Amino acid sequence: MIASKNIIALTLSAVMLALASCREDDVIFIPEDVPVSTPEYTSVKGFYLLNEGNMGSNKCTLDYYDYATGVYTRNVYGNANPSVPKELGDVGNDLAVYGSRLYAVVNVSNKVEVMNAATTERIGQIDIPNCRFIKFHKGYAYVTSYAGPVVIKPDYEQLGYVAKVDTTTLQVVAQCVVGFQPDGLEITGGRIYVANSGGYMAPNYEHRLSVIDINSFTVIDEIEVGLNPERLVADHHGGLWITCRGDYMNVKAALQCYDVRKQRMVAQLDMSVGNLWLDGDSLYVVTADWTAAAGSGTKYGIVDVNEHRVVCDNIITDGTDAKIKAPYSIMVNPITKDFYISDARNYVNPGYLYCYGRDGVQKWSVRTGDVPAHMAMLGEDINDY
């Protein structure tokens with residue numbers, strides 16, 4: 001979300017200019033296989049990448065990389081589901097594999113699309129208004145929802161909620177009201193932590209996490225955090241890492257760590273984290289330089305979650321980071337330690353995905369759909385690494 005009506009107007013103007021100047025290069029995403037690498041054979045079979053698409057364009061698409069063939073396939077959902085009129089829909093916001101199913105949270109289309117994880121054939125959809133992020137626990141999916149319409153309003157009155165979904169029936173079985181515009185969520189220690197962003201209430205952003213007891217599915221606590229929190233990830237030491245975007249103007253962005261056992265904040269790093277991926281004790285981050293208030297200059301770094309400090313300022317060692325225009329998401333293969341960075345470029349035309357070896361040297365790159373944003377691995381025992 002953006003910080004004020006002035007910034008919103010400027011952003012919309014920039015988007016319109018981009019549309020006017022770049023639509024001549026627009027790409028219709030037909031299914032397409034692109035060989036990019038040599039085959040690899042591990043328990044990680046492949047990964048999906050969800051391209052957000054631009055709001056109102058109905059261009060959310062799904063790509064797949066197959067390790068066994070080294071082939072990257074664009075728009076696999078469209079190919080597997082030719083009879084679905086609008087394909088995936090408008091603005092993909094999260095992606096996850098749970099069991100034998102693949103779940104894509106499609107924000108403006110107000111749904112979670114459920115697919116066969118092996119084939120991407122459509123199984124059904126879960127209707128949730130203005131849905132944002134998804135997590136799973138013991139047969140249930142938990143999805144954050146803004147609940148209200150897409151509108152910037154400082155005195156927004158509609159509280160958001162977390163929907164509890166039975167993954168067998170794909171029915172919403174309960175709702176728990178939280179704060180305004182809840183985004184990321186994490187489940188650890190029998191509790192669900194929810195980042196209330198207040199993203200539609202600029203400049204009156206939220207600064208609280210709601211804590212839900214997972215058994216009673218009721219809010220039992222609130223935690224004060226930095227301004228405008230978005231993403232949450234729990235490490236193996238009781239730390240809950242929180243990305244806080246600030247107000248994009250004067251309040252700096254930050255990466256915070258809250259100890260869920262000690263119930264207190266134990267670390268804060270001045271960096272504007274746009275996305276992150278936990279691999280063991282290494283928290284890989286890509287930063288987002290929204291404004292001069294963004295914080296440190298680290299763009300592709302590693303935070304040691306045990307020591308609470310940045311241990312690497314740039315994981316890309318061959319200088320190819322210079323060609324990445326808008327780093328948007330990151331993922332790490334738990335076995336090979338290859339890492340992947342997506343580039344949204346101008347947020348209008350197709351982006352790119354870059355694969356790097358553990359030494360930080362680029363192995364391959366490929367064109368994606370518009371705004372490549374969310375990745376999910378497919379394979380056996382992924383969560384064991």
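All heavy atoms count here, side chains included; hydrogens, waters and symmetry mates do not. None of these values were measured; they are calculated from a predicted model.
- His308 pairs by the ring-ring contact (aromatic ring centres under 6.0 Å, His included) definition with Trp241, not counting sequence neighbours.
- Between Lys59 and Asp370 a salt bridge is recorded (basic side-chain N to carboxylate O distance below 4.0 Å).
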Item to complete: Go through the steps to decide whether Asp33 and Thr73 satisfy the test side chain to side chain donor-acceptor pair (under 3.5 Å), and finish with yes or no.
Response: CA-CA 4 Å; Asp33 293 336; Thr73 305; 2.7 Å; yes

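- Using a 4.5 Å cut-off between side-chain heavy atoms of Ile, Leu, Val, Met, Phe, Trp and Tyr, Val211 falls into a hydrophobic cluster with Tyr193, Leu209, Ile220, Ile223, Val225, Leu232, Leu240, Ile242, Tyr258, Val260, Met265.
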Worksheet item: Could you go step by step and tell me if Thr167 and Tyr140 meet the side chain to side chain contact (heavy atoms under 4.5 Å, CB included) rule?
Response: CA-CA 5 Å; Thr167 57; Tyr140 291 96; 5.5 Å; no

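- Follow the hydrophobic side-chain contacts under 4.5 Å out from Phe339 and you reach Val36 in the same cluster.
- Salt-bridge check for Lys252 with Asp247: failed, with every basic side-chain N at 4.0 Å or more from each acidic carboxylate O.
- Using modelled atom types, one finds no donor on one side chain facing an acceptor on the other under 3.5 Å when comparing Glu230 with Asn228.
- Residues passing the side chain to side chain donor-acceptor pair (under 3.5 Å) test with Arg358, sequence neighbours excluded: none.
- The shortest side-chain heavy-atom distance between Arg122 and Glu113 falls under the 4.5 Å cut-off.
- Here Glu224 pairs with His207 under the side chain to side chain donor-acceptor pair (under 3.5 Å) rule; sequence neighbours left out.
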Item to complete: Mind running ring-ring contact (aromatic ring centres under 6.0 Å, His included) on Tyr146 and Phe180 for me, showing each step along the way?
Response: CA-CA 7 Å; Tyr146 279 12; Phe180 292 101; over 10 Å; no

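- Using a 4.5 Å cut-off on side-chain heavy atoms (C-beta onward), Lys153 and Asp155 make contact.
- In terms of the ring-ring contact (aromatic ring centres under 6.0 Å, His included) criterion, residue partners of Tyr142 (sequence neighbours excluded) are, by chain and number, Phe217.
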Fill in: Chi angles and distances behind the ring-ring contact (aromatic ring centres under 6.0 Å, His included) call for Trp364, Tyr65
CA-CA 12 Å; Trp364 53 263; Tyr65 175 68; 5.0 Å; yes

Discussion item. Let's go through His237 and Asp281 carefully: what are the C-alpha distance in whole Å and the side-chain angles of both, what is the deciding distance for side chain to side chain donor-acceptor pair (under 3.5 Å) to 0.1 Å, and is it a yes or a no?
Written reply: CA-CA 9 Å; His237 307 285; Asp281 278 351; 2.8 Å; yes

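- Residue Val71 shares its hydrophobic cluster (ILVMFWY side chains chained together at separations under 4.5 Å) with no other residue.
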Side chains of residues 91-100: which donor-acceptor partners sit under 3.5 Å, not counting sequence neighbours?
from, atom 1, to, atom 2, distance (Å)
Asn93, ND2, Arg132, O, 2.8
Asp94, OD2, Ile134, N, 2.9
Tyr98, OH, Gly139, N, 2.9

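- Annotation: salt bridge (Lys or Arg N to Asp or Glu O under 4.0 Å) contacts of Lys164 (sequence neighbours excluded): none.
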Worksheet entry | Worked verdict on Asp213 versus Ser216 for side chain to side chain donor-acceptor pair (under 3.5 Å) | CA-CA 6 Å; Asp213 176 77; Ser216 64; 2.9 Å; yes

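- Salt bridge status for Lys299 with Asp321: absent, with no side-chain N to carboxylate O gap under 4.0 Å.
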Item to complete: Might you work through the side chain to side chain contact (heavy atoms under 4.5 Å, CB included) test for Val143 and Val162, ending with a clear yes or no?
Response: CA-CA 5 Å; Val143 183; Val162 176; over 6 Å; no

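- Qualifying side chain to side chain contact (heavy atoms under 4.5 Å, CB included) partners for Thr169, counting only residues two or more places apart in sequence or in other chains: Asp166, Gln171.
- The ring pair (Phe, Tyr, Trp, His ring centres under 6.0 Å) analysis of residues 153-173, with sequence neighbours excluded, yields the pairs Tyr156-Tyr200.
- Val371 forms part of a hydrophobic cluster together with Tyr328, Tyr347, judged by ILVMFWY side-chain heavy-atom separations under 4.5 Å.
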Discussion item. Walk me through whether Ser197 and Asp183 qualify under side chain to side chain donor-acceptor pair (under 3.5 Å).
Written reply: CA-CA 6 Å; Ser197 71; Asp183 273 321; 3.3 Å; yes

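- Asn130 and Ser145 are not linked by any side-chain donor-acceptor pair at a separation below 3.5 angstrom, with hydrogens and angles left out of the test.
- Contact of the Leu49 side chain with the Leu353 side chain is registered, since non-hydrogen atoms from C-beta on lie closer than 4.5 Å.
- Between Asp90 atom CG and Asn107 atom CG the span is 8.0 Å, to the nearest 0.5 Å.
- Partners of Glu157 under the salt bridge (Lys or Arg N to Asp or Glu O under 4.0 Å) rule, at least two apart in sequence or in another chain, do not exist in this structure.
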